[in-house]
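To start, the structure under review is shown below, and the notes come after it.
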There are 2 protein chains.
Amino acid sequence: MVQYLGSPLDLSFAALSDATRRGIIDQLGRGDASITSLADQFQMTLTGMKKHVQVLERAGLVVTQKVGRVRTCKLGKRGLNAEAEWIEAHRKLFEARFEALDEIISEMKQEGSDD
Amino acid sequence: MVQYLGSPLDLSFAALSDATRRGIIDQLGRGDASITSLADQFQMTLTGMKKHVQVLERAGLVVTQKVGRVRTCKLGKRGLNAEAEWIEAHRKLFEARFEALDEIISEMKQEGSDD
DNA sequence: TAAATACTGAACCATATAGTTCAGTGTATA
DNA sequence: TATACACTGAACTATATGGTTCAGTATTTA
């Protein structure tokens with residue numbers, strides 16, 4: 001087994017592609033939380049929640065620390081800067097494309113097209 | 001088989017979690033392209049490229065149209081606005097957390113901690 | 001010290017992803 | 001009309017995801 005983990009953006013976008021994990025980030029934005037409290041809020045087993053937290057940790061979006069028997073989760077220092085940068089840069093590409101003349105022309109000849 | 005497809009953000013973040021697909025978006029930002037030309041550029045079989053394009057289409061990031069025997073891919077009108085909005089809103093949460101006093105305090109008592 | 005709490009790890013299940021090959025179908029071109 | 005081209009679909013492989021249960025271990029607390 002090779003276990004190639006992918007680039008940082010691969011990991012963070014994958015982490016954000018699940019509504020539960022986006023919810024966990026929401027929640028941690030309101031305060032740190034244990035695995036148990038997160039599992040309660042999202043109606044999930046401890047083990048299931050632990051896996052979600054691990055995905056967020058691998059992506060650097062969350063950090064955890066175990067003190068005594070409680071593992072506390074908080075938002076990671078890494079933040080969402082790299083993701084925001086990629087999205088902003090490419091949002092411009094989308095906009096630039098739609099301002100192009102050929103877009104208007106292709107809208108005009110919208111008849112008799114497949115699929 | 002139920003085939004529950006997930007919310008729009010689920011689909012688009014998942015689509016963006018692969019470097020090849022992010023590359024396809026880059027490329028389409030420079031101009032529309034056929035499946036064949038994309039497959040050539042990313043050194044992949046036609047079938048493989050078609051699957052990537054389908055993932056981008058399901059997410060609304062790309063639209064395609066077949067004319068004759070060529071399927072042309074272009075950036076979708078949907079754009080990255082919803083994604084940018086989510087990221088920006090949550091980026092603030094990350095920043096707010098780090099400005100909080102308890103953060104500084106917890107940095108201070110950083111000794112004798114697990115994992 | 002006994003019991004409850006909080007987590008951890010292994011194992012399992014169903015489905016999705018990322019890729020392939022191979023065998024087509026339909027379209028353009030020589 | 002024969003050939004080449006562009007795509008499509010089915011089938012297969014390996015791995016990841018999202019969830020579970022069950023059986024632990026370690027830490028509090030009564």
Side-chain angles (χ1 to χ4, degrees), chain A residues 1-7 9-25 32-59 61-74 112-115, chain B residues 1-7 9-25 32-59 61-74 112-115:
Chain A
M1 190 190 38
V2 184
Q3 185 78 348
Y4 172 59
L5 287 168
S7 76
L9 281 182
D10 284 27
L11 290 174
S12 52
F13 282 133
L16 296 177
S17 73
D18 181 274
T20 298
R21 285 192 295 262
R22 290 195 303 276
I24 292 168
I25 290 177
D32 301 349
S34 68
I35 305 279
T36 295
S37 70
L38 291 171
D40 287 349
Q41 288 173 73
F42 292 91
Q43 308 224 96
M44 188 175 297
T45 58
L46 265 184
T47 309
M49 179 52 67
K50 190 174 187 255
K51 285 194 186 181
H52 278 304
V53 169
Q54 275 171 342
V55 171
L56 289 163
E57 262 193 293
R58 263 192 295 153
L61 298 175
V62 162
V63 294
T64 73
Q65 193 189 17
K66 192 169 184 178
V67 175
R69 61 187 172 183
V70 178
R71 179 171 296 278
T72 299
C73 309
K74 56 166 68 178
S113 59
D114 172 4
D115 171 287
Chain B
M1 188 189 39
V2 185
Q3 186 75 350
Y4 173 58
L5 287 168
S7 77
L9 281 182
D10 284 27
L11 290 174
S12 53
F13 281 134
L16 295 177
S17 75
D18 180 274
T20 298
R21 285 192 295 263
R22 290 195 304 276
I24 292 168
I25 290 177
D32 300 349
S34 67
I35 305 280
T36 296
S37 70
L38 291 171
D40 287 348
Q41 288 173 73
F42 292 92
Q43 310 225 93
M44 188 175 296
T45 59
L46 266 184
T47 309
M49 181 51 68
K50 187 170 189 262
K51 285 194 186 179
H52 278 303
V53 169
Q54 276 172 342
V55 171
L56 289 164
E57 261 193 294
R58 263 192 295 153
L61 298 175
V62 162
V63 294
T64 73
Q65 193 189 17
K66 192 169 184 177
V67 175
R69 62 187 174 183
V70 178
R71 179 171 296 277
T72 300
C73 309
K74 57 166 69 177
S113 58
D114 174 4
D115 173 288

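Throughout, protein chains are lettered first and strands after them, A, B, ... in sequence-line order, and every chain is numbered starting at 1.
Distance, A:Gln54 CD to D:dG18 P: 13 Å, rounded to whole Å. Atom CG of B:Asp18 and atom C1' of D:dT17 are 15 Å apart (whole Å). Here D:dG19 presents its P atom at 11 Å from CZ of A:Phe42, a figure rounded to the nearest Å. With rounding to whole Å, A:Asp10 atom CG is found 15 Å from D:dT17 atom C1'. As a whole-Å value, the separation of A:Ile35 CD1 from C:dG9 C1' is 14 Å. One atom, NE2 of B:His52, and another, C1' of C:dT20, lie 12 Å apart when rounded to the nearest Å.
When only modelled atom types and interatomic distance are considered, A:Ser37 and A:Asp40 share no side-chain donor-acceptor pair under 3.5 Å.
Each of A:Lys51 and B:Ser37 lies near DNA chain D, and the nucleotide nearest B:Ser37 is the one positioned closer to the 5' end. Nearest-nucleotide positions on DNA chain D for A:Arg21 and B:Leu46 put B:Leu46 closer to the 5' end.
The heavy-atom pair separating A:Asp32 from A:Lys74 by the smallest distance is OD1-CB, 3.2 Å. Taking all atoms of both residues into account, the shortest heavy-atom contact from B:Ala59 to B:Ala15 is CB-CB, 3.9 Å.
Listed candidates were D:dT20, C:dT27, D:dG18. Nearest to the side chain of A:Thr45 is D:dT20. With D:dA4, C:dT5, C:dG19 as the candidates, the nucleotide lying closest to the side chain of A:Arg69 is C:dT5.
Contact check, A:Arg58 against D:dT17: a side-chain N or O comes under 4.0 Å of OP1 or OP2. Between C:dT8 and A:Arg71, a contact under 4.0 Å exists linking OP1 or OP2 to a side-chain N or O. For C:dA6, the OP1/OP2 oxygens have no side-chain nitrogen or oxygen of A:Lys50 closer than 4.0 Å. Close to C:dG26, at under 4.0 Å from its OP1 or OP2, lies no side-chain N or O of B:Lys66.
By the 4.5 Å heavy-atom criterion applied to side chains, B:Arg22 and A:Phe13 are counted as neighbours.
Checked by distance alone, A:Thr47 brings a side-chain donor or acceptor within 3.5 Å of a matching partner on the base of C:dG9.
Not a single donor-acceptor pair under 3.5 Å links the side chain of B:Arg58 to the backbone N or O of B:Ser12.
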